[in-house]
Number of protein chains: 2
Amino acid sequence: MVSGMSQVDDATGLGRLEPKSLVQLAADAVRKKILAGDLEPGERLIEERLTKELGISRPPLREALRLLQQEGLVVNQPRRGSTVVELTSEDVYEILTLRSGLERMAVELGVPVQDPARLEVCRQALARMRACAQAEDRGGLVEAGYAFHASIVALAGHGRLSAMYNSLYQQLLLCMARNLYVRERFYEDLETHVDRHQELLDVVERGDPKAVLEALAAHGERSFSSM
Amino acid sequence: MVSGMSQVDDATGLGRLEPKSLVQLAADAVRKKILAGDLEPGERLIEERLTKELGISRPPLREALRLLQQEGLVVNQPRRGSTVVELTSEDVYEILTLRSGLERMAVELGVPVQDPARLEVCRQALARMRACAQAEDRGGLVEAGYAFHASIVALAGHGRLSAMYNSLYQQLLLCMARNLYVRERFYEDLETHVDRHQELLDVVERGDPKAVLEALAAHGERSFSSM
DNA sequence: ATACAAACTATTGTAGACAATAGTCCAACA
DNA sequence: TGTTGGACTATTGTCTACAATAGTTTGTAT
């Protein structure tokens, strides 16, 4: 699940090869544990235990936790350590509204698309979705769906916007990992699920921003009306 | 400058008293140094030097730098340390577009205002702006202007939205500290500057979202057309 | 004189240990 | 029996020291 994400995160552009520091690796590992449900919401993150699991010492782990804290996956109370964030329905509301708002901004900034290469990324992500749907690989579908939406946002060529979106999507995945409604959604026809995204991309490729916004609204409503 | 900001950041709501950790203090101090121009964009942040200045050891400082890294004020290259972020014109474009987009979202979510207390915060911030303008306290005016815009965004009662906005505004302040256009803007009549914000608040109080959006667009355009 | 290589220095990355605090449990008293 | 006080333990906060790396400078050879 996270492997696909790092693939997205790696899109820093230039080919400068940067040996990932232990901090980055630790952050990735803990993030993966959280999103995989290995660490449950509200659970205390005992530093010493994590260091033993990861085979590192505390300083890099603590720095990694600071990163996750800013990402919104971990909350840190002074003198009381870190815990996995617990998302209330209020939080879910915030995440969903921000998400749709950011997507809207991205469309307004990025459609019609100038750089064809960016569209190609969307197409490939959609193809991956379809492949996962046919294989009934629900985990892969979630991951590919993330890549697809991220690629749509990336059409704007707006680094900070994409960064915010990705950070937010992490939290959304955390909801989805736990929440009932998503599981239910996943009993809908997987092909239909992909088709809806296909339609969205079609409208994007056609290049009319207003039409995309309408499609996006419909898409979002269908996705989250059950909340 | 930063004192006023922490005042805003402290708005975590509840009265739970949390002894600030060295990490938080260090992050605040370094942020202040950066925004005050004490540390210039592109400048390397030598850890040992900062520790001596702040009188702390490296681990908490490093964690603070991780926070600032996620806030976008500091960039960290593995094995090569941290530097103050250098904002290109592309970055400024990103910051300004995101800023206006987030403000728009906030208005759409928060106008008309339900909680009168939130409006009161706006009014007080505006009063502070006017006081600073009359005293020709340009530094204070910048700070109060930040508080005003933050309070407008806070009308939405959307924690994540406000957090993103604040983080972005830090970077905007970093531009403003350096960039020419702002200095020029500040030779305009300070009272007029405040008046423009007054008009914005008036429209907000009137409660028509569409009118606010228009006012906001005009406001933004006047503020940044010179970019 | 210039280019390349090797050593050196400055700085970051990581580790382990110590200090301080918060939560918990048990006992004693009202 | 309920409550308060104190000690204990687990965990975080912080510091010092060591290892590793990148940048720089100097020397030598062509």
Side-chain angles (χ1 to χ4, degrees), chain A residues 6 12 14-31 33-34 38-71 73-86, chain B residues 6 12 14-31 33-34 38-71 73-86:
Chain A
S6 61
T12 49
L14 25 92
R16 168 146 209 141
L17 52 86
E18 306 180 348
K20 278 206 174 185
S21 67
L22 272 193
V23 175
Q24 279 301 328
L25 295 175
D28 292 344
V30 175
R31 192 186 300 113
K33 276 179 182 294
I34 291 175
D38 204 1
L39 296 168
E40 297 197 4
E43 185 173 344
R44 281 192 67 184
L45 300 174
I46 310 295
E47 297 176 0
E48 195 178 358
R49 189 179 309 160
L50 284 174
T51 58
K52 273 190 285 191
E53 279 186 40
L54 301 176
I56 61 178
S57 69
R58 282 180 57 212
L61 175 69
R62 283 176 61 89
E63 290 179 33
L65 290 180
R66 293 291 178 190
L67 289 177
L68 296 178
Q69 174 187 347
Q70 286 295 85
E71 283 181 22
L73 285 182
V74 159
V75 293
N76 183 290
Q77 289 182 309
R79 292 275 161 205
R80 226 171 297 179
S82 306
T83 58
V84 179
V85 67
E86 285 181 296
Chain B
S6 60
T12 49
L14 25 91
R16 169 150 209 136
L17 47 87
E18 306 180 347
K20 277 206 173 184
S21 67
L22 272 193
V23 176
Q24 278 302 327
L25 294 175
D28 292 344
V30 175
R31 192 186 300 113
K33 275 180 183 293
I34 292 175
D38 205 2
L39 297 168
E40 296 197 2
E43 185 173 343
R44 280 191 66 183
L45 299 175
I46 310 297
E47 296 176 1
E48 196 178 357
R49 188 178 310 160
L50 284 174
T51 58
K52 274 189 285 190
E53 279 186 40
L54 300 176
I56 61 176
S57 70
R58 282 180 55 214
L61 175 69
R62 284 175 61 88
E63 290 180 34
L65 290 178
R66 294 290 179 191
L67 288 177
L68 296 177
Q69 174 187 347
Q70 287 294 86
E71 283 182 21
L73 285 181
V74 159
V75 293
N76 184 290
Q77 289 183 308
R79 290 277 159 204
R80 223 170 302 178
S82 306
T83 58
V84 179
V85 67
E86 284 181 296

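Sequence lines set the chain letters: A, B, ... in the order given, protein chains first and strands last, and positions in each chain run from 1.
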*Assign B/R44 to base, sugar-phosphate, or nothing according to its heavy-atom contacts below 4.0 angstrom with the strands shown.*
sugar-phosphate
_Is there a side-chain contact between A/R80 and the phosphate of C/dG23, meaning an N or O under 4.0 Å from OP1 or OP2?_
yes
*Can you check whether A/E40 reaches A/V84 side chain to side chain, under 4.5 Å on heavy atoms?*
no
_Tell me whether the count of non-hydrogen atoms from other residues, nucleotides or ligands lying under 6.0 Å of CD in B/E43 goes above 12._
yes
*Return the nearest nucleotide to the side chain of B/I56; candidates are D/dC15, D/dT11, D/dT14.*
D/dC15
*Hey, does the side chain of A/R58 come within less than 4.0 Å of D/dT12's phosphate (OP1/OP2), counting only N and O?*
no
*Enter the distance from B/E63:CD to B/Q24:CD here, rounded to the nearest 0.5 Å.*
10.5 Å
*Which nucleotide sits closest to the side chain of A/I46: C/dG13, D/dT12, C/dT11?*
D/dT12
*To the nearest Å, give me how far apart NZ (B/K52) and P (D/dT16) are.*
13 Å
*Figure out the CG/C1' separation between A/L22 and D/dA20, and round it to whole Å.*
12 Å
*Nearest-Å distance, CG (B/N76) to P (C/dG13)?*
6 Å
*By nearest nucleotide on DNA chain D, pick out whichever of B/P59 and A/E47 is the more 5' one.*
A/E47
*Calculate the interatomic distance between A/L61 atom CG and C/dG16 atom C1'; express it in whole Å.*
15 Å
*For B/E48 and C/dT9, what is the distance between atoms CD and P respectively, to the nearest whole Å?*
16 Å
*asked:* Could you tell me how far apart B/K20 (NZ) and D/dT14 (C1') are, to the nearest whole angstrom?
replied: 19 Å
_Point-to-point distance, once rounded to the nearest 0.5 Å, from OG of B/S21 to CG of B/L25_ = 6.5 Å
*Taking CD from B/Q77 and C1' from D/dT21, how many angstroms apart are they, rounded to a whole number?*
14 Å
_If you count every heavy atom of other residues, nucleotides or ligands that lies below 6.0 Å from B/E53 atom CD, does the total exceed 12?_
yes
*Pick base, sugar-phosphate or nothing for A/L45, based on heavy-atom distances below 4.0 Å to the nucleic acid.*
sugar-phosphate
_B/R66 CZ to C/dT14 C1', straight-line distance once rounded to whole Å_ = 12 Å
*Hey, does the side-chain of A/R79 have a donor or acceptor N/O within less than 3.5 Å of a partner on the base of C/dG23?*
no
